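One structure is given here, and the rest of the page talks about it.
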Amino acid sequence: MSMRKSIEVIAHLHSRGVIANYAITGAVAALAYIEPALTQDLDILVSLDGFESRQSGLLLLTPIEQALADMGYSERSDVGVIIESWPVQFIPVASLLDQEALELAAVIQFGGEPSFAARVLRAEHVVAKALSLGRLKDLSRVEAFLDQSAIDLGALRSVVLRHGLEQAWRNFCVKSGRADILELG
């Protein structure tokens, strides 16, 4: 099955109000801007609206899981729920960067029959999230955005400054051997 069907299911959950707000994040979001890279799952950033929180701080995604089960998607993997053969991981907003990225996500129109719209993080937020995580695969994604000139450097600089990611950017520059093109000093 194609990932398109998985994304359609997520968009459907949003249209039904099961998910208040969402956006595709991670490697799949990067596909909207740069050449494809290998990924094994579909990451969905979701707002905390409508989710039960335990006293321990644990967040229960019961409304999403119940709605998916009602649609016949109850199989799980070590990553998340299997939707149309793709493991889907629902990632709750956990920072101000996440909140901003979710609020400002772009709406992408998917063609085909039927066509549908889905929300995807903007390029500057995909890169900022990658910088904040700092894993090798994330830094490689930052490299791809820069190598393919797939990001507005002014927008990225603004997000980096707004969310205190200056040191993460400097670390990336050192590790990648790049000059500080954002001129953060």
Side-chain angles (χ1 to χ4, degrees), residues 3 6-7 10 19 21-48 51 56-61 64 76-83 85-106 108 118-185:
M3 186 178 292
S6 301
I7 297 169
I10 302 306
I19 300 173
N21 201 2
Y22 80 97
I24 299 166
T25 187
V28 176
L31 292 174
Y33 308 100
I34 60 174
E35 293 296 317
L38 181 64
T39 187
Q40 298 176 350
D41 66 346
L42 172 60
D43 296 327
I44 305 294
L45 183 64
V46 295
S47 67
L48 299 178
F51 295 111
S56 66
L58 180 66
L59 183 69
L60 301 179
L61 300 177
I64 293 175
R76 297 191 62 80
S77 73
D78 58 336
V79 176
V81 179
I82 305 296
I83 302 174
S85 302
W86 277 92
V88 178
Q89 182 175 353
F90 293 93
I91 304 168
V93 167
S95 68
L96 292 175
L97 173 59
D98 288 348
Q99 185 64 42
E100 176 182 292
L102 189 58
E103 289 172 4
L104 299 177
I108 304 288
R119 295 172 46 83
V120 178
L121 293 189
R122 294 185 182 279
E124 59 269 21
H125 290 111
V126 173
V127 171
K129 284 294 296 173
L131 287 170
S132 73
L133 294 169
R135 302 171 300 188
L136 286 178
K137 69 179 184 177
D138 298 306
L139 298 180
S140 174
R141 187 171 304 135
V142 175
E143 284 275 344
F145 271 88
L146 296 172
D147 289 346
Q148 296 175 40
S149 300
I151 188 153
D152 176 316
L153 295 177
L156 176 60
R157 184 178 196 282
S158 178
V159 171
V160 165
L161 290 172
R162 200 165 41 254
H163 294 285
L165 296 171
E166 298 92 339
Q167 191 58 51
W169 173 257
R170 287 185 200 98
N171 292 343
F172 164 75
C173 290
V174 168
K175 289 177 183 177
S176 66
R178 287 185 178 265
D180 180 2
I181 58 175
L182 297 183
E183 301 177 358
L184 297 179

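Computed from a predicted model, the values in this text were never measured in an experiment. No hydrogens, no waters, no symmetry mates; every other heavy atom, side chains included, goes into these values.
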Would you say the side chain of [Y] lies within less than 4.5 Å of the side chain of [X], judging by non-hydrogen atoms?
X      : Y      : value
Ile44  : Val28  : no
Leu139 : Ser176 : no
Trp86  : Val79  : no
Arg162 : Leu96  : no
Ile83  : Ile10  : yes
Leu146 : Ile151 : yes

- Decide salt bridge (charged side-chain N to carboxylate O under 4.0 Å, His left out) for Arg178 and Asp147; before the verdict, give the C-alpha distance in whole Å, the side-chain angles of both, and the deciding distance to 0.1 Å. CA-CA 11 Å; Arg178 287 185 178 265; Asp147 289 346; 2.3 Å; yes
First locate atom [atom1] of [X], then atom [atom2] of [Y], and finally report the distance between them rounded to the nearest 0.5 Å.
X      : Y      : atom1 : atom2 : result
Leu45  : Phe90  : CG    : CZ    : 11.5 Å
Glu103 : His125 : CD    : NE2   : 9.5 Å
Arg157 : Glu166 : CZ    : CD    : 9.0 Å
Leu121 : Tyr33  : CG    : OH    : 7.5 Å
Met3   : Ile24  : CE    : CD1   : 8.5 Å
Tyr22  : Ile7   : OH    : CD1   : 8.5 Å

- More than 12 heavy atoms from other groups under 6.0 Å of CG on Leu104: yes
Minimum heavy-atom separation for [X] and [Y], please, with both atom names.
X      : Y      : value
Ala130 : Val142 : CB-CG2, 3.7 Å
Ala123 : Ala150 : CB-O, 3.7 Å
Leu102 : Ser47  : CD2-N, 3.5 Å
Ala30  : Val126 : CB-CG1, 4.2 Å
Ser77  : Ile82  : CB-CD1, 3.7 Å
Gln40  : Pro87  : O-CG, 3.2 Å

- Answer yes or no: is there a donor N or O on one side and an acceptor on the other, between the side chain of Gln89 and the main chain of Asp41, under 3.5 Å? no
- Query: Between the main-chain N or O of Asn21 and the side-chain N or O of Arg119, is there a donor-acceptor pair closer than 3.5 Å?
  - Reply: no
- Task: Would you check, one step at a time, whether the test salt bridge (charged side-chain N to carboxylate O under 4.0 Å, His left out) holds for Lys129 with Asp98?
- Result: CA-CA 8 Å; Lys129 284 294 296 173; Asp98 288 348; 2.7 Å; yes
- Pair Leu97-Leu165, side chain to side chain contact (heavy atoms under 4.5 Å, CB included): steps then yes or no: CA-CA 10 Å; Leu97 173 59; Leu165 296 171; 4.1 Å; yes
- Verdict with reasoning, Leu153 to Leu182, per side chain to side chain contact (heavy atoms under 4.5 Å, CB included): CA-CA 7 Å; Leu153 295 177; Leu182 297 183; 4.1 Å; yes
- Message: What verdict does the side chain to side chain contact (heavy atoms under 4.5 Å, CB included) test give for Phe145 and Leu156, after you've listed the backbone C-alpha separation in whole Å, the side-chain angles of each residue and the deciding distance to 0.1 Å?
- Response: CA-CA 11 Å; Phe145 271 88; Leu156 176 60; over 6 Å; no
- Task: Verify side chain to side chain contact (heavy atoms under 4.5 Å, CB included) between Val127 and Phe172, making sure each step is shown before the conclusion.
- Result: CA-CA 11 Å; Val127 171; Phe172 164 75; over 6 Å; no
